[in-house]
2 protein chains.
Amino acid sequence: MSRHTIPRHQAIERHLRSRVAGLQPGDPLESDAELCALFRVSRMTVRQAAQRLADEGLIYRVPGVGTFVAEPKVHRDVGRLRSFTEEMALRGAAASSRLLVSEIRSGTHEEIAALQLPPRAKVTHVRRLRLADGKPMAIEDVVLPVSCAAVLNEDLEQGSLHEALQRLGEIPTRATGTQVAALAGPDDAKLLSIKVNAALLIERRLITNQNGLPLEKTETRYVGDEFVFHIVLSL
Amino acid sequence: MSRHTIPRHQAIERHLRSRVAGLQPGDPLESDAELCALFRVSRMTVRQAAQRLADEGLIYRVPGVGTFVAEPKVHRDVGRLRSFTEEMALRGAAASSRLLVSEIRSGTHEEIAALQLPPRAKVTHVRRLRLADGKPMAIEDVVLPVSCAAVLNEDLEQGSLHEALQRLGEIPTRATGTQVAALAGPDDAKLLSIKVNAALLIERRLITNQNGLPLEKTETRYVGDEFVFHIVLSL
DNA sequence: CAGTCCAGCCTGTCTAGACTGGTACGGCGA
DNA sequence: TCGCCGTACCAGTCTAGACAGGCTGGACTG
């Protein structure tokens with residue numbers, strides 16, 4: 001009640017979150033009445049916690065039946081520039097990576113044009129398998145100017161690339177890009193542990209830094225039926 | 001409690017949504033106590049409505065001060081709401097449609113909940129194959145309240161549904177939704193002239209009108225390798 | 001005039017009930 | 001065996017209060 005203790009509905013919310021994390025989709029959770037008894041709390045308080053998780057899509061509630069763990073869908077707010085790491089933290093999942101490629105090589109014409117580099121310039125290339133709570137979610141190819149090569153010294157398996165860039169004074173600020181659906185090839189399938197010809201959602205972004213200069217060219221291949229983009233549109 | 005009426009907290013939510021739509025960011029809204037008097041309900045009921053809008057980011061509540069209209073979440077240029085017709089015009093293609101279904105039928109629970117209609121309400125359902133320069137691009141399912149049934153009298157093969165809605169005084173203003181990649185089923189493949197198991201990009205949107213009230217629930221299944229979403233992201 | 005204090009209003013949190021409509025299931029009768 | 005029905009349980013909705021803690025503004029004091 002006082003500010004020294006967390007609200008009870010928050011305690012119940014935590015309890016439910018950890019229950020959800022340890023159960024399978026479709027598994028039943030405690031009923032409202034059971035939670036009331038468990039936390040010695042009135043039903044409105046239990047509902048406040050349960051309703052919030054239901055709104056978030058973590059659980060679903062069926063009148064006359066009970067409360068259940070929902071199918072896990074990873075959501076992503078489109079319209080706000082976030083790194084994979086930030087995105088996962090927002091959803092309560094731990095982001096990690098398996099480093100597949102980290103190299104300095106000559107840029108392709110396309111990369112040089114996109115990043116506005118001089119002809120025949122070298123680029124920094126990082127390819128990572130992105131994991132959420134250890135589960136493969138996407139393959140990410142990042143191309144940076146060679147001036148950002150210092151990020152190769154960072155821990156790119158546990159750490160965030162965007163945070164590493166910020167330590168170099170480069171702040172990813174704005175992005176434009178495209179989204180398109182495609183089929184998984186043999187390489188995609190193997191890395192992402194999915195079937196060949198499964199649906200992928202491919203996002204290509206060109207990110208600019210705080211000065212509006214091209215900073216990063218990224219292609220991310222998301223598992224189509226695991227990753228849901230959340231969109232907000234207005235006139 | 002009279003049965004077969006919309007919940008009171010939903011009525012209050014509607015009231016607040018239309019208030020928000022007509023005010024500027026930072027403008028104060030009614031206090032909880034005022035809303036209690038206005039709707040002759042208890043405070044828990046008012047809070048249920050207000051808290052939902054606060055969670056959505058439409059309003060913010062400051063203890064000791066009051067409830068206010070929030071800054072719009074999405075920048076004007078980010079995630080513009082456009083109809084298929086507008087989208088195609090932007091790409092220099094002519095949009096047309098083949099009308100597959102146009103009917104008035106009972107809404108599903110999901111549709112009724114999304115559009116905030118009374119239980120067992122009827123809905124207007126339009127399914128069209130969307131073409132760009134005569135080439136199949138997407139299958140679109142639109143569900144509207146039965147009060148918008150007059151759009152069925154319009155030319156839905158050559159004309160724009162959103163323009164028809166505007167002639168009825170309903171202006172599609174804001175949308176939230178999700179995008180996900182999936183594979184084409186036999187029906188999709190036949191209509192879109194693609195192979196079974198080709199990649200699709202599925203967008204689900206819930207569109208609200210100028211008063212912030214739910215207007216349209218849409219699912220659009222785009223041909224994955226023909227349709228590219230352009231995105232703009234910012235910090 | 002400046003500073004303090006308090007009363008009144010605001011949202012946050014919570015209680016202990018109530019009624020509704022929906023679902024699941026066991027038992028009873030045909 | 002099959003169908004019907006009653007009962008128990010479930011979440012949805014709602015009431016009429018309560019206290020805590022933050023904020024504002026006016027009154028009162030020095």
Side-chain angles (χ1 to χ4, degrees), chain A residues 1-16 19-20 26-70, chain B residues 1-16 19-20 26-70 106-110 112-114 116-121:
Chain A
M1 224 93 65
S2 73
R3 71 161 169 278
H4 310 297
T5 65
I6 64 166
R8 302 207 205 189
H9 67 82
Q10 224 171 80
I12 300 168
E13 194 182 318
R14 282 192 197 192
H15 169 260
L16 286 174
R19 290 294 317 263
V20 168
D27 285 356
L29 293 163
E30 295 96 333
S31 73
D32 286 7
E34 285 166 344
L35 287 171
C36 287
L38 202 63
F39 286 90
R40 297 176 184 283
V41 120
S42 85
R43 199 164 147 239
M44 286 302 296
T45 308
V46 165
R47 275 187 53 74
Q48 200 172 342
Q51 196 54 56
R52 159 162 274 114
L53 294 198
D55 287 345
E56 256 183 60
L58 246 68
I59 65 177
Y60 62 94
R61 291 157 70 74
V62 185
V65 186
T67 303
F68 305 89
V69 178
Chain B
M1 247 2 55
S2 62
R3 58 195 142 207
H4 302 311
T5 61
I6 63 167
R8 302 208 204 189
H9 68 81
Q10 219 172 81
I12 300 168
E13 192 182 319
R14 283 192 184 209
H15 170 261
L16 287 174
R19 289 294 318 262
V20 167
D27 286 355
L29 293 163
E30 294 96 332
S31 74
D32 287 7
E34 285 167 344
L35 288 171
C36 287
L38 203 62
F39 286 89
R40 298 176 184 285
V41 295
S42 82
R43 201 167 143 235
M44 286 303 296
T45 308
V46 165
R47 274 187 55 72
Q48 201 173 342
Q51 196 53 54
R52 160 161 274 115
L53 294 199
D55 287 345
E56 251 182 65
L58 246 67
I59 64 177
Y60 62 94
R61 291 158 70 75
V62 185
V65 186
T67 304
F68 306 89
V69 179
S106 299
T108 66
H109 287 301
E110 196 190 346
I112 283 170
Q116 294 182 15
L117 298 175
R120 283 178 290 284

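Letters A, B, ... are given to chains in the order of the sequence lines, protein chains preceding strands, and every chain is numbered from 1. Values reported hereafter were calculated over all heavy atoms of this structure, with side chains retained and with hydrogens, waters and symmetry mates removed. Keep in mind it's a predicted model, so treat the numbers as computed, not measured.
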Send over the distance from [X] [atom1] to [N] [atom2], rounded to a whole Å.
X: B:H9; N: D:dT15; atom1: NE2; atom2: C1'; result: 14 Å
X: B:R8; N: C:dT20; atom1: CZ; atom2: P; result: 14 Å
X: B:F68; N: C:dT11; atom1: CZ; atom2: C1'; result: 11 Å
X: A:E13; N: C:dC14; atom1: CD; atom2: P; result: 12 Å

Side chain of [X] - closest among [options]:
X: A:S42; options: C:dT15, D:dT13, D:dG21; answer: C:dT15
X: A:R61; options: C:dG12, D:dA11, D:dT15; answer: D:dA11
X: A:P7; options: C:dT11, C:dC14, C:dA24; answer: C:dC14
X: A:T45; options: C:dC14, D:dT13, D:dG21; answer: C:dC14
X: B:P63; options: D:dG21, C:dT23, D:dG12; answer: D:dG21

Between B:T67 and C:dT11, is there a side-chain N or O to OP1/OP2 distance below 4.0 Å? yes
Could you check A:G66 against A:M44 and say which one's nearest nucleotide on DNA chain D is further toward the 5' end? A:G66
Short question: side chain of A:R43, backbone of A:L35 - any donor-acceptor pair under 3.5 Å? no
Test log, rule side-chain contact (heavy atoms from CB on, under 4.5 Å), inputs B:H15 and B:E30: CA-CA 11 Å; B:H15 170 261; B:E30 294 96 332; 3.0 Å; yes
Is the shortest side-chain N to carboxylate O distance from A:D27 to A:R19 below 4.0 Å? no
Looking only at side-chain N and O atoms, does A:R61 offer a donor or acceptor that is under 3.5 Å from a partner on A:T67? yes
